[in-house]
> 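Got a structure here, written out as structure tokens. Questions coming.
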Amino acid sequence: MDRNGQVVDDERFARAAELLLAVTGEPEEPTHLRNLIDWVESDERNKAAFKELERVWQVTGDVLQREPGLVHDDSAH
């Protein structure tokens, strides 16, 4: 559920994650960002799903920063 009380369905949430991962996985590929923007703008439910994904991403990042040992540190090798 997003902050406005809207229920975000699993399929929309999964699609938002898929599109965001494409952007972050290949940031130099402009079509990925365009696809994400077009999808978000095409439906208010898509926008709600993306906002929920952003919230989850933020919370997860905050938790990982606070909890030593949860993030793999490649610089230790």
Side-chain angles (χ1 to χ4, degrees):
M1 186 172 299
D2 77 5
R3 291 182 182 179
N4 296 322
Q6 293 177 311
V7 174
V8 174
D9 69 66
D10 292 343
E11 286 184 31
R12 286 182 196 279
F13 189 83
R15 182 66 177 147
E18 178 183 304
L19 291 167
L20 182 60
L21 287 173
V23 171
T24 60
E26 291 183 292
E28 69 284 349
E29 180 54 59
T31 58
H32 293 317
L33 182 57
R34 184 76 255 155
N35 290 341
L36 175 61
I37 291 168
D38 289 347
W39 181 81
V40 168
E41 291 178 346
S42 71
D43 190 307
E44 284 298 315
R45 294 169 296 179
N46 294 350
K47 185 181 280 187
F50 186 72
K51 285 182 177 183
E52 179 65 8
L53 178 62
E54 286 180 313
R55 188 187 70 75
V56 169
W57 191 295
Q58 175 82 36
V59 169
T60 302
D62 291 348
V63 168
L64 290 174
Q65 287 179 359
R66 287 194 308 262
E67 297 296 327
L70 287 179
V71 178
H72 180 69
D73 184 4
D74 289 334
S75 64
H77 297 283

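Below, each value reflects all heavy atoms present in this structure, side chains not excepted, and no hydrogens, waters or symmetry copies.
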> Minimum heavy-atom separation for N46 and W39, please, with both atom names.
ND2-O, 2.8 Å
> Is there a side chain to side chain contact (heavy atoms under 4.5 Å, CB included) between K47 and D43 once you walk through the steps?
CA-CA 7 Å; K47 185 181 280 187; D43 190 307; over 6 Å; no
> Partners of E18 by salt bridge (charged side-chain N to carboxylate O under 4.0 Å, His left out), sequence neighbours excluded?
R15
> Side chain to side chain donor-acceptor pair (under 3.5 Å) with E54: which residues, sequence neighbours excluded?
none
> Would you say N35's side chain and T31's backbone share a donor-acceptor pair under 3.5 angstrom?
yes
> List for me each residue that meets side chain to side chain contact (heavy atoms under 4.5 Å, CB included) alongside L21, sequence neighbours excluded, and say none if there are none.
T24
> So how far is it from R12 CZ to L53 CG, rounded to the nearest 0.5 Å?
14.5 Å
> How long is the span from the CZ atom in F50 to the CG atom in L19, to the nearest 0.5 Å?
9.0 Å
> Provide the closest heavy-atom pair for P27 versus G25 in the form atom of the first, atom of the second, distance.
CD-C, 3.5 Å
